[in-house]
There are 2 protein chains.
Amino acid sequence: MATGRTHRPATRSRGIPEATVARLPLYLRALTALSERSVPTVSSEELAAAAGVNSAKLRKDFSYLGSYGTRGVGYDVEYLVYQISRELGLTQDWPVVIVGIGNLGAALANYGGFASRGFRVAALIDADPAMAGRQVAGIAVQHSDELEKIISDNGVSIGVITTPPGVAQQVCDRLVAAGVTSILNFAPTVLSVPDGVDVRKVDLSIELQILAFHEQRKAGEETAGEDAVAASVPKETPKGPDGDVPVVMPA
Amino acid sequence: MATGRTHRPATRSRGIPEATVARLPLYLRALTALSERSVPTVSSEELAAAAGVNSAKLRKDFSYLGSYGTRGVGYDVEYLVYQISRELGLTQDWPVVIVGIGNLGAALANYGGFASRGFRVAALIDADPAMAGRQVAGIAVQHSDELEKIISDNGVSIGVITTPPGVAQQVCDRLVAAGVTSILNFAPTVLSVPDGVDVRKVDLSIELQILAFHEQRKAGEETAGEDAVAASVPKETPKGPDGDVPVVMPA
DNA sequence: ATGTCTTTGTGAACGCGTGCACAAAGATGG
DNA sequence: CCATCTTTGTGCACGCGTTCACAAAGACAT
């Protein structure tokens, strides 16, 4: 492994684990903060703490990118910011369209985090004629009839869907047909897309349900000792000592 | 089944894999849709397709909950809806507070997906005195001075943070101190919490950066064939024209 | 130059999650 | 009651991701 000088990529290029890719933005954020404070170098231990991960994991993650870092010293902050940015493709400009300008779409349009990192809101699109022409976050909303033209004129490859679930799939289909190959979906629907198109979904309802599961578990463990009743908070007797015979039986 | 009797949980209660928990809401959504169409039973194959997962995975997931399902027939939709709801803790009411009523907070308050599944917005909280008293989504915004009182009066255990990143940690600390044990964080910051408190984060910026990575990769592969081999499977040299010798070197 | 001390980079072991493939369960028809 | 056919539930193997633990690399002081 990089026995010597030739800081050559080695493993590099291909084969960066998906889990690592998902953490790179986290590291980048922490590094950017350090950069703004003019911190020159940082150790894997410090950076890991700032990013909320294990230091060994961080070092292994970085090892997939190459051998940046100096033993006994740590990592050069600016250099690492550049390398990660380049790896993530943030050194170029990514025009993005947001389809569905309701509450959420408008919130995203106003979200500063977009522009900060190479992403530019190229257009806001909505199916409601009444929305067309209105300004949201300083950008004029365009009608969805223009969707295909907007995509191709601006060379958009990333689309954000914030429409109601009922129309998400057809919006998705149109985006893909027009040339979009990456979609961030906020609609609570499973989107089907052809190979080669990436979809990531953000679903609040699901996140809350996962939290509820763990919350219920915590509550259940507290009152686990007492079975019958008790339970200061009417917790429904989750499943304590079991005894949960199906209340409803299928036909 | 429904043969009733022995169907004892077995593995049940404890030990449901995290990955499975994360998919239960997905199944539940698909099942609810089937229920509304009055579909009585569904096979693992059909349900898996609707939820966008592998059918073997789905069956294994359900096996952690117990042996619901009838061989040769499939699963009883209503029964399964009930079982998953109960497992996720959705048969009870979860009061939730949203802290930080900016664009995003307001969007979430208006989001219908909340109320639909056992979650109830108990309060909207903001630090801006000018916001206090204003109605958002039919709920009066309260000042953050009231935070502790609101939490305890309503028995809130789930908090949603939609504040600017700078104050997210202190809001988090106050929520936890007041008794909140599950947090959904939309602020782009790493939150540190004591053991026993769950945090899930939703970060648009990170999602976009992950998409950008894959997008760049795709673009790189397209132009990769032009140098050496036509390579039916252009796996190597994914980073464009390459030639990416470190442009900046660390000190 | 040499020794010491810090921190990286990674081999290796482990655990979780996924998917295959099939035996067992039970419905259905004759 | 038996045969057949469908679909579940799961044993097993594999691959990915995480973590430990340590040798090697290099900075720094003497």
Side-chain angles (χ1 to χ4, degrees), chain A residues 1-12 14-24 26-27 39-77 79-80 83 210 250-251, chain B residues 1-12 14-24 26-27 39-49 51-77 79-80 83 210 249-251:
Chain A
M1 42 311 318
T3 340
R5 49 205 69 275
T6 49
H7 266 180
R8 226 62 271 298
T11 324
R12 205 18 180 353
R14 215 244 302 3
I16 297 179
E18 194 54 35
T20 295
V21 173
R23 281 188 294 267
L24 291 181
L26 229 50
Y27 302 144
V39 176
T41 62
V42 66
S43 71
S44 63
E45 204 71 50
E46 295 167 321
L47 185 54
V53 303
N54 180 298
S55 70
K57 192 187 295 187
L58 178 143
R59 288 197 299 277
K60 180 145 289 192
D61 283 342
F62 286 174
S63 78
Y64 293 118
L65 307 184
S67 268
Y68 312 135
T70 308
R71 296 175 192 229
V73 176
Y75 299 90
D76 182 274
V77 173
Y79 185 59
L80 207 43
Q83 289 298 341
I210 294 172
Chain B
M1 66 127 93
T3 0
R5 55 207 73 273
T6 18
H7 272 175
R8 232 59 278 295
T11 324
R12 209 13 185 352
R14 192 42 71 358
I16 297 179
E18 194 55 35
T20 295
V21 173
R23 280 188 294 269
L24 290 182
L26 228 50
Y27 301 145
V39 176
T41 62
V42 64
S43 70
S44 63
E45 204 71 50
E46 295 167 322
L47 185 54
V53 304
N54 180 296
S55 70
K57 193 187 296 185
L58 177 144
R59 287 197 300 275
K60 182 148 290 190
D61 283 342
F62 286 175
S63 78
Y64 292 117
L65 306 184
S67 268
Y68 313 134
T70 307
R71 298 178 190 225
V73 176
Y75 299 91
D76 182 274
V77 173
Y79 185 57
L80 207 43
Q83 289 298 340
I210 294 172
M249 282 305 288

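Per chain, numbering begins at 1; letters A, B, ... match sequence-line order.
Residue contacts shown for Glu18(A) are limited to sugar-phosphate atoms, with no base heavy atom under 4.0 Å away.
Applying the 4.0 Å criterion to OP1 and OP2 of dT18(C), one finds that Arg23(B) has a side-chain N or O inside that range. Here Tyr64(B) does not reach the OP1 or OP2 of dG17(C): none of its side-chain N or O atoms lies under 4.0 Å away. Phosphate contact (OP1/OP2 of dT7(D), side-chain N/O of Ser44(B), threshold under 4.0 Å): absent.
Straight-line distance from the OH atom of Tyr68(A) to the P atom of dT7(C): 22 Å, rounded to whole Å. Across the protein-nucleic acid pair, Asp61(B) atom CG and dC16(C) atom P stand 16 Å apart, rounded to whole Å. Straight-line distance from the CZ atom of Phe62(A) to the C1' atom of dG9(C): 13 Å, rounded to whole Å. Rounding to whole angstrom units, CD of residue Glu45(A) and C1' of dG9(C) are separated by 14 Å. At whole-Å resolution of the value, OH in Tyr75(B) and C1' in dT7(D) are 9 Å apart. Taking atom NZ of residue Lys60(B) and atom P of nucleotide dC14(D), one finds them 15 Å apart after rounding to whole Å.
Residue Leu80(A) holds its CG atom at 10.5 Å from OH of Tyr27(A), rounded to the nearest 0.5 Å. Summarising the geometry, atom CZ belonging to Arg59(B) is positioned 9.0 Å from atom OG belonging to Ser43(B); distances are rounded to the nearest 0.5 Å. The CG atom of Leu47(B) sits 11.0 Å away from atom OG1 of Thr41(B), with the distance rounded to the nearest 0.5 Å. Remark: Glu18(B) CD to Ile210(A) CD1 distance equals 7.0 Å, nearest 0.5 Å. How far OG1 of Thr70(A) is from OH of Tyr79(A): 10.0 Å, rounded to the nearest 0.5 Å. Annotation: the span from Asp76(B) atom CG to Gln83(B) atom CD amounts to 10.5 Å, rounded to 0.5 Å.
Closest to the Arg71(B) side chain, of the nucleotides dT19(D), dT10(D), dT8(D), is dT8(D). Taking the side chain of Thr70(A) as heavy atoms from C-beta on, and the options dG9(C), dG26(D), dA27(C), the nearest nucleotide is dG26(D).
Of the residues in residues 48-59 of chain A, those lying under 4.0 Å from DNA chain D by heavy-atom distance are Asn54(A), Ala56(A), Lys57(A), Arg59(A).
Both Val73(A) and Ala19(A) lie near DNA chain D, and the one whose nearest nucleotide falls closer to the 5' end is Ala19(A).
In this structure the side chain of Leu24(A) reaches within 4.5 angstrom of the side chain of Leu65(A), judged on heavy atoms.
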